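This structure is a prediction, so every number in the text was calculated from the model and none was measured.
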2 protein chains.
Amino acid sequence: MTSPRSTPKRYDDACGAAHGLELVGDRWALLVLRELMLGPRRFSQLRADLPGISANVLTQRLGEFEARGLLVKRKLAPPASVQVYELTPWGYEAEEILQVLGRWAARSPMHDATLPISGVSILISFRTMIDRTLARDMDLRVGFRFGEDEYVAHVADGAIEIARGDAGGGDIVLAGDPAGLAAAIYGDVPLDDLAAAGLLTLSGPREAFAAFSELFTLPPKASMPG
Amino acid sequence: MTSPRSTPKRYDDACGAAHGLELVGDRWALLVLRELMLGPRRFSQLRADLPGISANVLTQRLGEFEARGLLVKRKLAPPASVQVYELTPWGYEAEEILQVLGRWAARSPMHDATLPISGVSILISFRTMIDRTLARDMDLRVGFRFGEDEYVAHVADGAIEIARGDAGGGDIVLAGDPAGLAAAIYGDVPLDDLAAAGLLTLSGPREAFAAFSELFTLPPKASMPG
DNA sequence: CGGCATCCGGGAAGATACTG
DNA sequence: CAGTATCTTCCCGGATGCCG
């Protein structure tokens, strides 16, 4: 008879950051939130986007988030009748944590940008890394197609808005693997190479893509002491 | 002999946030960083400021941070000859993570602000929560005494600087328990009550303290769905 | 098929005792 | 004081199975 939670392992610390760790500090927790940042997702989609997470842990995280008021379980109207998980407004506000954490960690000398990446991740990184000054004079819609998932980004007025939707609505459309997109934007791998490798294809003017790509640069690496 | 222990549990995810979790996502890790944010500390000080952490885990976190370039072990010159742990510049940059996480978590309906808190925590929270508009027209030095540790904060030009140093250099001085200070600033507990309870004493004009206290307010709580 | 319970092995964290 | 050694406990991850 395992008592449900004899020792919930809290930090017993009034510091807000400590409480934050109790809310989203468990393994995989922030990454589950990340995958929900661009709108509701289904259980199996989350599993697919988080290679390595076990169904067990995903169930547990989703349940904890619901109990804590970070997400709600919703059932779509028939005939879909599919259950999805959707962040609450407060849940969406956690994006800033992802952004600051990601921006800081991008300076790590150990960061390996060639690992696999999810579509949501790379798009969130655009919101994180965009050069708002450069984006001030731009008005561009970019469509993205990652398998079944489609998104549209709108760069205007020094900001970028991203939402799920018909990728065809973009001035340019990028289709393929999120890792290929990362290589194109952050790794400066030529589009032709990526197309040849079957990783990414561009529809639309190259100049528009080049301008879009210029918006995003990685921060300088921190140097190791000693 | 400590085995290298190059984190066997990675996320295999190129996302910066995922890498950030590999760097500072382990249990207690961010809280150890927090305690180092206002300058070097010794092993036993860290243990005292993080009630609940075991010496074993603290040793491990410090070793990992050193290997990752977030801190350096330094030995003070004789006759002190004491070993201290000091963040690198990149390590200090992690403060923004603590701030964003803390600010977000302060909106949690489950946040219990009456738990114990360390001196560094409450001072960092001032950097996090300060109303920069109100601070624009202020020029005030506040000294803090928590047991052996002394700090001075300088509010000016819409910002607050905090450093270890002689608390007596402040226009006002607050001495006592960090939790008492939190109650005074965030809980609006009257100073007289706190003084009567032996938790906090103020030296200097009350009006200055009142003005200082006005700078800090907690964000509104997020509402629970359903 | 989606979601959740159960069992198990391994490893990290907690607690305590010990050492230079 | 600054850790290390050891033991226990608990969480994570994988596999299986139940149930809608």
Side-chain angles (χ1 to χ4, degrees), chain A residues 1-13 18 21-22 24-32 35 40-67 71-76 78-86 148, chain B residues 1-13 18 21-32 35-36 40-66 71 73-76 78-86 148:
Chain A
M1 90 169 189
T2 23
S3 68
R5 231 170 283 132
S6 55
T7 308
K9 287 207 169 169
R10 304 189 191 281
Y11 287 109
D12 277 323
D13 191 319
L21 291 174
E22 289 167 354
V24 298
D26 284 335
R27 189 160 166 78
W28 290 106
L30 265 181
L31 302 188
V32 173
E35 294 303 322
R41 298 235 91 186
R42 308 177 49 171
F43 190 91
S44 56
Q45 294 176 315
L46 293 171
R47 272 197 87 173
D49 291 332
L50 296 166
I53 197 173
S54 69
N56 205 346
V57 171
L58 180 54
T59 299
Q60 195 175 318
R61 293 296 167 270
L62 292 171
E64 290 159 355
F65 286 158
E66 189 182 21
L71 67 74
V72 290
K73 256 193 258 213
R74 272 208 309 133
K75 181 159 278 190
L76 298 186
S81 292
V82 163
Q83 182 162 278
V84 295
Y85 299 88
E86 179 169 27
E148 301 293 307
Chain B
M1 106 147 36
T2 345
S3 70
R5 249 192 34 71
S6 55
T7 321
K9 292 196 179 184
R10 316 262 287 190
Y11 287 110
D12 277 326
D13 191 318
L21 292 174
E22 289 167 353
L23 293 170
V24 298
D26 284 335
R27 189 160 165 77
W28 289 106
L30 266 182
L31 302 188
V32 173
E35 293 303 321
L36 293 167
R41 299 235 90 185
R42 308 173 51 167
F43 191 91
S44 56
Q45 293 176 313
L46 294 171
R47 270 195 89 171
D49 290 333
L50 296 166
I53 197 173
S54 69
N56 212 341
V57 170
L58 180 54
T59 300
Q60 196 175 319
R61 293 295 167 271
L62 292 171
E64 290 160 354
F65 287 158
E66 188 182 22
L71 67 73
K73 254 193 260 215
R74 271 208 310 133
K75 180 158 280 188
L76 297 186
S81 292
V82 162
Q83 182 160 279
V84 295
Y85 298 89
E86 178 168 28
E148 300 294 307

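- For A/S44 and C/dG2, the shortest distance from a side-chain N or O to OP1 or OP2 is below 4.0 Å.
- Using a 4.0 Å heavy-atom criterion, one finds that B/G52 contacts the sugar-phosphate atoms exclusively.
- OP1 or OP2 of D/dT4 has not a single side-chain nitrogen or oxygen of B/Q60 nearer than 4.0 Å.
- For the pair A/R27 (side chain) and B/G25 (backbone), a donor-acceptor distance under 3.5 Å is absent.
- A salt bridge (charged side-chain N to carboxylate O under 4.0 Å, His left out) with A/E86 is found for exactly one of A/R74, A/K73, A/R41, namely A/R74.
- Separating the CG atom of B/L46 from the C1' atom of D/dA2 is a distance of 12 Å, rounded to the nearest angstrom.
- For the pair A/W28 CH2 and D/dG13 C1', the interatomic distance rounds to 10 Å; values are reported in whole Å.
- Of all nucleotides listed (C/dG3, D/dT4, D/dG13), D/dT4 comes nearest to the side chain of B/T59.
- At least one side-chain nitrogen or oxygen of B/Y85 sits closer than 4.0 Å to the OP1 or OP2 atom of D/dG3.
- Taking atom CG on A/D26 and atom C1' on D/dC10, their separation rounds to 12 Å, with Å as the unit.
- Among the heavy atoms of the strands lying under 4.0 Å from A/K73 are primed sugar atoms or P, OP1, OP2 only; no base atom is included.
- Using cut-offs of 30° and 60° for the angle between ring planes, the B/W28 and A/Y11 rings count as perpendicular.
- Residue contacts for A/R47: at a heavy-atom cut-off of 4.0 Å it reaches no nucleic acid atom on any strand shown.
- Atom CZ in A/R27 sits about 11 Å away from atom C1' in D/dC11, given to the nearest Å.
- Remark: A/Q83 is in phosphate contact with C/dG3, judged by side-chain N or O atoms under 4.0 Å from OP1 or OP2.
- The nucleotide whose nearest atom lies closest to any side-chain atom of B/R42 is, among D/dC1, C/dC4, D/dC12, D/dC1.
- The distance from atom CG of A/L50 to atom P of D/dC12 is 15 Å, rounded to the nearest whole Å.
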| task | Test B/L62 against B/F43 for side chain to side chain contact (heavy atoms under 4.5 Å, CB included), laying out the working first. | result | CA-CA 9 Å; B/L62 292 171; B/F43 191 91; 3.8 Å; yes

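- With contacts defined as side-chain heavy-atom distances shorter than 4.5 Å, the pair A/I53/A/L31 does not qualify.
- In this model, no side-chain donor or acceptor of B/N56 finds a partner on the base of C/dT16 within 3.5 Å.
- The separation between A/E22 atom CD and D/dC11 atom P is 13 Å, rounded to whole Å.
- Distances from the side chain of A/R61 to the nucleotides D/dG14, D/dC12, C/dA12 place D/dC12 closest.
- As a whole-Å value, the separation of B/I53 CD1 from C/dA13 P is 10 Å.
- Distance NZ (B/K75) to C1' (D/dG3): 12 Å, rounded to an integer number of Å.
- Between A/F43 and A/Y11, the residue anchored nearer the 5' end of DNA chain C, judged by the nucleotide with its closest heavy atom, is A/F43.
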